[in-house]
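The structure under discussion appears below in the form of structure tokens.
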Amino acid sequence: MAENGVVVVVTGVPGVGKTTVIDAAVKAAKNEGINVILMNYGTVMFEIAKAKGLVENRDQMRKLPSNVQREVQRLAAEKIAEAAREGIVLVDTHMLINTPEGLLPGIPVWVAENLRPNVFVLVEADPEEIRNRRRRDETRERDEQLVEEIRLHQEMCRAAAASCAILTGATIAVIPNHDGKAHEAAETVFKLFRAIAAKFGEVS
Ligand code: ATP
Ligand code: MG
């Protein structure tokens, strides 16, 4: 479990710019000698399922029985918390995932109990900006959503983050990432790392 380490969970609706902002912030942190271990929740889940011989590729993951997926989700949280014993771990994930059955929580209570997050970062932008970024992004196959659907998803992510914060005592930082302002957003995340690193130095 995260005894001396810190778990920072970075979330935001698909296409809001999480990976863009995280990459720049982690780079800035490294330049200042602050080492941040970057983990993608989906990748950790895939590695666990593959090691157990449950899947051979990522696309088979979502076809696993839901109870198996939940167990893998729980084990992934343990693995990430283990990595956080020694330092700052940044988890790139989603608060709520769009599924045909509704929004699926990325951090249900059994994940939160294992993950023990210290900070939630919510990367946000205007729904119109998010829709346009999804349309422009040719590197990914993104689902087309109405602006109103994106707005609701983003509002629900705020509610989910607040619920997780109440359950875990983690803090929440809402970081705007408006068009052409990824650098400013990354700077804010970097400053957060610096504050955490200073605190981490005290407790280790
Ligand atoms: P996912 O959850 O699907 O992984 P993401 O939140 O990580 O998505 P990114 O892949 O970082 O999103 O960004 C989506 C697209 O938006 C990319 O094409 C990226 O270049 C662009 N983008 C990110 N931030 C900004 C910004 N501030 N202004 C303009 N474009 C941006
Ligand atoms: Mg991403």
Side-chain angles (χ1 to χ4, degrees), residues 7-30 36-47 49 57-59 61-62 69 72-73 76-77 79-80 83 88-108 111 115 117 119-161 164 172-193:
V7 176
V8 181
V9 179
V10 180
T11 69
V13 301
V16 73
K18 289 181 296 301
T19 303
T20 307
V21 170
I22 288 169
D23 285 351
V26 169
K27 211 168 150 190
K30 284 214 167 103
V36 179
I37 305 159
L38 189 52
M39 294 183 114
N40 182 293
Y41 207 95
T43 305
V44 176
M45 279 183 67
F46 172 59
E47 283 164 0
N57 65 58
R58 279 186 93 112
D59 291 325
M61 290 280 295
R62 61 177 182 273
Q69 286 196 50
V72 174
Q73 197 181 27
K79 197 169 170 192
I80 292 165
I88 303 174
V89 166
L90 191 154
V91 188
D92 184 347
T93 190
H94 295 102
M95 213 60 181
L96 294 166
I97 300 118
N98 258 316
T99 82
E101 296 152 72
L103 293 169
L104 177 87
I107 309 179
V111 168
L115 193 60
V119 184
F120 285 107
V121 173
L122 267 81
V123 180
E124 295 189 346
D126 295 335
E128 291 81 3
E129 292 176 318
I130 297 166
R131 183 205 46 200
N132 295 340
R133 282 176 205 171
R134 288 180 185 173
R135 283 182 178 168
R136 281 196 303 261
D137 188 0
E138 286 169 359
T139 65
R140 300 275 298 268
E141 276 201 21
R142 297 186 176 280
D143 295 332
E144 177 79 18
Q145 264 191 315
L146 298 174
V147 164
E148 279 316 306
E149 290 170 332
I150 298 171
R151 188 187 312 280
L152 178 63
H153 190 178
Q154 196 163 245
E155 282 171 3
M156 292 296 286
C157 287
R158 272 194 182 188
C164 278
I172 309 179
V174 180
I175 299 189
N177 177 33
H178 293 298
D179 277 348
K181 306 271 185 195
H183 184 75
E184 281 89 333
E187 182 72 17
T188 311
V189 175
F190 163 63
K191 282 182 183 153
L192 191 79
F193 290 157

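For this chain, numbers begin at 1 and follow the sequence in order. None of the values given here were measured: they were computed from a predicted structure. Counting starts at 1 for both ligands and their atoms, in listed order.
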More than 12 heavy atoms of other residues, nucleotides or ligands under 6.0 Å from [atom1] of [X]: yes or no?
X      : atom1 : value
Lys79  : NZ    : yes
Met61  : CE    : yes
Arg142 : CZ    : yes
Asp143 : CG    : no

Going by heavy atoms, is His94 under 4.0 Å from ligand 1? yes

Report, in ascending order of atom number, the atoms of ligand 1 lying under 4.0 Å from any heavy atom of [X].
X      : result
Asp179 : 28 (N), 29 (C)
Ala182 : 27 (N)
His178 : 26 (C), 27 (N), 28 (N)
Arg140 : 1 (P), 3 (O), 4 (O)

Whether [X] side chain and [Y] backbone form a donor-acceptor pair below 3.5 Å:
X      : Y      : result
Glu129 : His178 : no
Asn40  : Gly42  : yes
Arg134 : Pro14  : yes
His183 : Ala24  : no
Gln154 : Ala125 : yes
Arg133 : Val16  : yes

What is the closest protein heavy atom to [atom], and at what distance does it sit?
atom                    : result
atom 24 (N) of ligand 1 : Asn177 ND2, 3.1 Å
atom 20 (O) of ligand 1 : Thr20 OG1, 4.2 Å
atom 28 (N) of ligand 1 : Gly180 N, 3.0 Å
atom 17 (C) of ligand 1 : Asp137 OD2, 4.0 Å

Check whether any side-chain heavy atom of Glu144 lies under 4.5 Å from a side-chain heavy atom of Arg135, and answer yes or no. yes

4.5 Å side-chain heavy-atom contact, Val10 and Asp92: no

Considering Lys181, Arg142, Arg133, Glu184, which one's heavy-atom position lies nearest to atom 10 (O) of ligand 1? Arg142

May I ask you to list the protein N, O or S atoms found at less than 2.8 Å from the Mg ion (ligand 2)? Thr19 OG1

Any N or O on [X] sitting closer than 3.5 Å to an N or O of ligand 1?
X     : answer
Gly17 : yes
Lys18 : yes
Gly15 : yes

